[in-house]
Amino acid sequence: MKVFTDFYNLYLTKGMTPGQVIARRPEWKSLWYDAPDGQYGRPAAFYQQLQALNLGEFWQKVSAPVLVIHGSADEVMSRADSEAIAQIVNQLHPGRARYMEIEGMSHGFTVKGRFYDPLVAAVLGWMKEQLQ
């Protein structure tokens, strides 16, 4: 775990691409599972810029209604991350955020490889509630 933490420190905090990290520490090659210049189809700079943000602080400033949708099969964001967004918004603006968990849904809103159609009705229903 320490090596994984060190890898991500060089990548996200120190501004190296994953390929540069592996070039510096070739024994870590087995840790990396994605492209040498990015992750999940995005350039390394995207994740480095995201890492530099205080997302909790930004969510504290949101006063608009928020629907946080998380799938139990999400491979990118944890349930705790998603629940934290709703908690942060509700802390300063009680009742403004709602957390919704969809069993078996991925980060891309799919269940068993197909878009989860019931999500559309759920989101539209939530939006209509906000207009009342």
Side-chain angles (χ1 to χ4, degrees):
M1 191 52 105
K2 171 145 177 26
V3 172
F4 202 66
T5 302
D6 292 343
F7 182 100
Y8 270 91
N9 180 53
L10 291 173
Y11 167 31
L12 297 176
T13 307
K14 303 298 183 187
M16 298 173 72
T17 66
Q20 291 169 327
V21 173
I22 292 167
R24 177 186 277 188
R25 301 295 301 264
E27 68 274 19
W28 293 355
K29 184 175 182 172
S30 65
L31 291 175
W32 192 243
Y33 47 86
D34 213 322
D37 61 347
Q39 191 172 13
Y40 303 123
R42 292 190 174 104
F46 172 84
Y47 295 102
Q48 292 159 351
Q49 291 166 10
L50 191 60
Q51 177 70 20
L53 297 174
N54 181 342
L55 297 177
E57 182 180 325
F58 286 110
W59 281 113
Q60 286 177 351
K61 296 175 183 177
V62 174
S63 61
V66 175
L67 177 61
V68 181
I69 303 169
H70 179 260
S72 66
D74 191 327
E75 64 281 0
V76 177
M77 301 298 293
S78 71
R79 179 180 182 146
D81 292 332
S82 299
E83 288 176 332
I85 293 169
Q87 182 181 21
I88 289 167
V89 172
N90 283 331
Q91 189 173 9
L92 291 174
H93 307 284
R96 297 301 276 176
R98 182 182 304 166
Y99 174 81
M100 178 186 297
E101 177 88 13
I102 309 276
E103 184 63 34
M105 190 175 73
S106 73
H107 192 73
F109 304 119
T110 62
V111 174
K112 297 180 182 175
R114 296 181 49 93
F115 180 77
Y116 185 67
D117 290 327
L119 181 61
V120 174
V123 171
L124 288 174
W126 176 83
M127 292 172 76
K128 287 177 185 175
E129 287 176 22
Q130 304 315 303
L131 296 174
Q132 297 174 358

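In what follows, every heavy atom counts, from backbone to side chain, and hydrogens, waters and symmetry copies are set aside.
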TODO: For residues I85 and Q87, determine if any side-chain heavy atom of one lies less than 4.5 Å from a side-chain heavy atom of the other.
DONE: no
Task: 4.5 Å side-chain heavy-atom contact, W126 and Q130 - done: yes
Open item on the list: Would you say Y40 ends up clustered with F4 if hydrophobic residues are merged whenever their side chains have heavy atoms under 4.5 Å apart, either directly or through other cluster members?
Closed with: yes
- [ ] Taking the side chain as every heavy atom from C-beta outward, state whether W32 and V21 have any pair of such atoms under 4.5 Å apart.
- [x] no
Open item on the list: Counting C-beta onward and ignoring hydrogens, is there a side-chain heavy-atom pair between Y8 and L10 closer than 4.5 Å?
Closed with: no
- [ ] Could you tell me whether the side chain of V68 reaches within less than 4.5 Å of the side chain of M100, counting heavy atoms only?
- [x] no
Open item on the list: Determine whether a donor-acceptor pair (N or O, by modelled atom type, separation under 3.5 Å) exists between the side chain of E57 and the backbone of N54.
Closed with: no
Open item on the list: Is the distance from the ring center of Y11 to that of W28 below 6.0 Å?
Closed with: no
Task: Nearest atoms (heavy-atom pairs only) where Q48 meets G15 - done: NE2-C, 3.3 Å
Open item on the list: When you group the ILVMFWY residues by side-chain heavy-atom contacts below 4.5 Å and let the links chain together, are L92 and V89 in the same group?
Closed with: no
- [ ] Determine, using the 4.5 Å side-chain heavy-atom cutoff (strictly less than), whether M77 and I88 are members of one ILVMFWY cluster.
- [x] no
- [ ] Evaluate whether atom CZ of F58 has more than 12 neighbouring non-hydrogen atoms of other residues, nucleotides or ligands under 6.0 angstrom away.
- [x] no
Open item on the list: Is it true that H107 and E75 share a donor-acceptor pair across their side chains at a distance under 3.5 Å?
Closed with: no
- [ ] Examine distances only and state if a side-chain atom of S72 and a backbone atom of G104 form a donor-acceptor pair shorter than 3.5 Å.
- [x] yes
Open item on the list: Check whether R96 reaches the backbone of S63 with its side chain - one donor and one acceptor, N or O, closer than 3.5 Å.
Closed with: yes
- [ ] To the nearest 0.5 angstrom, please state how far the CD1 atom of I22 sits from the CG atom of L31.
- [x] 8.0 Å
- [ ] Check for a donor-acceptor pair, side chain of D81 on one end and backbone N or O of S78 on the other, with a separation under 3.5 Å.
- [x] yes
Open item on the list: Using side chain to side chain contact (heavy atoms under 4.5 Å, CB included), reason through Y99 and L67 one step at a time and then give a plain yes or no.
Closed with: CA-CA 6 Å; Y99 174 81; L67 177 61; over 6 Å; no
TODO: Taking all heavy atoms of V76 and all of D74, pick out the closest pair and write down the distance.
DONE: N-OD1, 2.6 Å
Open item on the list: I'd like to know if the side chain of Y47 reaches the main chain of Q39, judged simply by a donor and an acceptor atom lying under 3.5 Å from each other, with no hydrogens or angles considered.
Closed with: yes
Open item on the list: Rounded at 0.5 Å granularity, tell me how far CD in Q51 sits from CG in N9.
Closed with: 9.0 Å
TODO: Go through the steps to decide whether I69 and V123 satisfy the test side chain to side chain contact (heavy atoms under 4.5 Å, CB included), and finish with yes or no.
DONE: CA-CA 9 Å; I69 303 169; V123 171; 3.7 Å; yes
Task: Side-chain touch T5/K2, heavy atoms, less than 4.5 angstrom - done: no
TODO: With rounding to the nearest 0.5 Å, note down the distance linking CG in D117 to CZ in F109.
DONE: 13.0 Å
Open item on the list: So for atom CD, which belongs to E103, do other residues, nucleotides or ligands contribute more than 12 heavy atoms lying within a distance under 6.0 Å?
Closed with: no
Task: Test item: H93 side-chain N/O and A64 main-chain N/O as donor-acceptor pair under 3.5 Å - done: no
- [ ] Starting at CZ of R42, measure out to CG of L50 and round the result to the nearest 0.5 Å.
- [x] 9.0 Å
Task: Heavy-atom side-chain proximity of E101 to E83 below 4.5 angstrom - done: no
Open item on the list: If you define the side chain from C-beta out and look only at heavy atoms, does anything of L119 sit under 4.5 Å from M105?
Closed with: yes
Task: Expected output: side-chain N90 to main-chain A86 donor-acceptor under 3.5 Å - done: yes
Task: Closest non-hydrogen atom pair, M16 against Q20 - done: CA-OE1, 3.3 Å
